[in-house]
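Structure, as structure tokens:
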Amino acid sequence: MAIQIKAIKCPQCGSTDVRATSSTRFICGFCSAQFIVDEGNARKEDEDYVETEPDPIKYEIHAEFSKREFLRESWICLAAEDAPLEIFGKDFSEVSTVSHEVFVESFTAEIAYRAGIGYDRSDSYIDYETYYEKQPYTDYEKRFNSSTGLYETHAVTKYNEVKKQRPITRYRTVTDWTLTNGDYITDTNVFVENVEGQKFDDKRFLSNVPHIKSSLVEELPEEKAKTIAVSESTRQEANKMHANNITAALQTALPGDHNRDVSWKITKASNYKRSIYVIPEFESTIGLNGYNCTKRAFPFGELKVV
């Protein structure tokens, strides 16, 4: 997605060396002028426009594999692990089916953002390093002269190691920061378990999605669909995950070597797609002397036991 950036400039001197003191108030680092930036001026014509959110379409994914096939794959998976040999004399517990209600939501978010953008540069400076230098000095030693039978004094040159310092040029990385604002568009998609107390492995499910036969996916009858609703906790979790997705996408798209103090708000949300999938997951446990192993798999697409 394209990203538009606008540097925030001091209205008095034009410097971009500005620092935020609140969400809308800034102070210039060059001339010390204080000023206000109004986020709302950027796009008054469609600010805070949110498309009407559609009611989720509700589907059910039926099992393609039997519990017997799941147990067979579970044994194969267990054999590949470092499990005690004695455990193969035991049996897995009865296979249970966990029914997940997975809320899926995606939309396109147009946001107005503000962020500090940092650019690295190499900066030289003078440092001092220690080194040792040999300095000569004269000493005197007495030596025995066998010809004269006398000790004679002789001058000899010796050396001392003297500790010294010398200047050297070193380099360090310095980051120059510029405060910017702009507009950004990104898509966000989340999967949230709608049944309280249950956890849904969305990554494992998504890896299985391309292998699901379309004949296994069926829209729920109206009467059954009425019994399923998106809970408030699910909505809150979905909103939190959307916010994380948008922040991550924005931070990746921002220029520079670093970014900080990133803030944004949605000015337009559109292209909503919402659905709830009722999804079965097989589960069984085997254990021996404190060693317990639970195997799980979605019984459709590819039977991947974990």
Quick one: do Ser207 and Lys304 satisfy side chain to side chain contact (heavy atoms under 4.5 Å, CB included)? Show the steps, please.
CA-CA 10 Å; Ser207 69; Lys304 299 177 181 178; 3.5 Å; yes
Going through the checks in order, is the side chain to side chain contact (heavy atoms under 4.5 Å, CB included) test met by Arg260 and Trp177?
CA-CA 9 Å; Arg260 67 184 183 188; Trp177 291 94; 3.4 Å; yes
Start with the C-alpha gap between Asp127 and Glu129, add the side-chain angles, then the distance that decides, and say whether side chain to side chain contact (heavy atoms under 4.5 Å, CB included) holds.
CA-CA 7 Å; Asp127 196 5; Glu129 69 173 3; over 6 Å; no
Are Phe70 and Phe282 close enough, and set up right, to give a ring pair (Phe, Tyr, Trp, His ring centres under 6.0 Å), and what steps lead you there?
CA-CA 7 Å; Phe70 164 71; Phe282 287 166; 5.7 Å; yes
Please determine whether side chain to side chain contact (heavy atoms under 4.5 Å, CB included) holds for the pair Asp187 and Ser106, giving the CA-CA distance in whole Å, both sets of side-chain angles, and the decisive distance to 0.1 Å.
CA-CA 7 Å; Asp187 295 321; Ser106 65; over 6 Å; no
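Nearest heavy-atom pair across Leu303 and Ala297 is CD1-CB, 4.0 Å. Closest approach of Thr175 to Gly118, counting heavy atoms only: CG2-CA, 3.6 Å. Here the shortest heavy-atom pairing between Leu254 and Ala115 reads CD1-CB, 3.9 Å. Scanning both residues, Phe103 and Ala238, for their nearest heavy atoms gives CE2-CB, 4.0 Å.
Within a 6.0 Å sphere centred on CZ of Arg121, heavy atoms belonging to other residues, nucleotides or ligands number more than 12. Around OH of Tyr125, the count of heavy atoms belonging to other residues, nucleotides or ligands within 6.0 Å exceeds 12. No more than 12 heavy atoms of other residues, nucleotides or ligands sit less than 6.0 Å from atom CD of Glu222. Within 6.0 Å of the CZ atom in Arg204, the count of heavy atoms belonging to other residues, nucleotides or ligands exceeds 12. Counted within 6.0 Å of OH on Tyr128, heavy atoms from surrounding residues, nucleotides or ligands total 12 or fewer; the atom is thus considered open.
Within the structure, salt bridge (charged side-chain N to carboxylate O under 4.0 Å, His left out) contacts touching residues 147-158 (residues at least two apart or in different chains) are Asp139-Lys158, Glu141-Lys158. For the ring pair (Phe, Tyr, Trp, His ring centres under 6.0 Å) condition, the pairs that include at least one residue of residues 226-260, sequence neighbours left out, are Phe107-His242. Residue pairs that meet the ring pair (Phe, Tyr, Trp, His ring centres under 6.0 Å) test with at least one member in residues 150-171, sequence neighbours left out, are Phe144-Tyr151.
Under the 4.5 Å side-chain criterion, counting only non-hydrogen atoms from C-beta, Ile246 is not in contact with Tyr113.
A salt bridge is defined here as a Lys NZ or Arg NE, NH1 or NH2 lying under 4.0 Å from an Asp or Glu carboxylate O, and Lys240 with Glu237 meets this definition. Using a 4.0 Å cut-off between a side-chain N of Lys or Arg and a carboxylate O of Asp or Glu, Glu81 and Lys295 qualify as a salt bridge.
In terms of hydrophobic clustering, with Ile, Leu, Val, Met, Phe, Trp and Tyr side chains grouped at heavy-atom distances under 4.5 Å, Trp75 and Phe65 are assigned to different clusters. Under the 4.5 Å side-chain heavy-atom criterion for ILVMFWY residues, no single connected hydrophobic cluster contains both Tyr272 and Val104. Under the 4.5 Å side-chain heavy-atom criterion for ILVMFWY residues, no single connected hydrophobic cluster contains both Val98 and Val102. The hydrophobic clustering, which links ILVMFWY residues whose side-chain heavy atoms are closer than 4.5 Å, places Tyr59 and Ile212 together. In the hydrophobic clustering of this structure, Val209 groups with Ile57; members are Ile, Leu, Val, Met, Phe, Trp, Tyr whose side-chain heavy atoms approach within less than 4.5 Å, directly or through other members.
Of the candidates Asn292, Thr294, Asp91, Ile87, Ile286 forms a side chain to side chain contact (heavy atoms under 4.5 Å, CB included) with just one, namely Ile87. Between His100 and the options Phe191, Phe200, Tyr277, a ring-ring contact (aromatic ring centres under 6.0 Å, His included) holds for only Phe200. With Glu133 as the partner, the salt bridge (Lys or Arg N to Asp or Glu O under 4.0 Å) test is satisfied by one option alone out of Lys163, Lys164, Arg166: Lys164.
Relative ring orientation between Phe205 and Phe300 is described as perpendicular, the plane-to-plane angle rising above 60° on a 0-90° scale split at 30° and 60°.
Listed for the Glu60 side chain is no donor-acceptor partner under 3.5 Å among the backbone atoms of Pro221.
Here the OG1 atom belonging to Thr234 is positioned 10.5 Å from the CE atom belonging to Met241, to the nearest 0.5 angstrom. In this structure, the separation between OG on Ser231 and CD on Glu101 is 9.0 Å, given to the nearest 0.5 Å.
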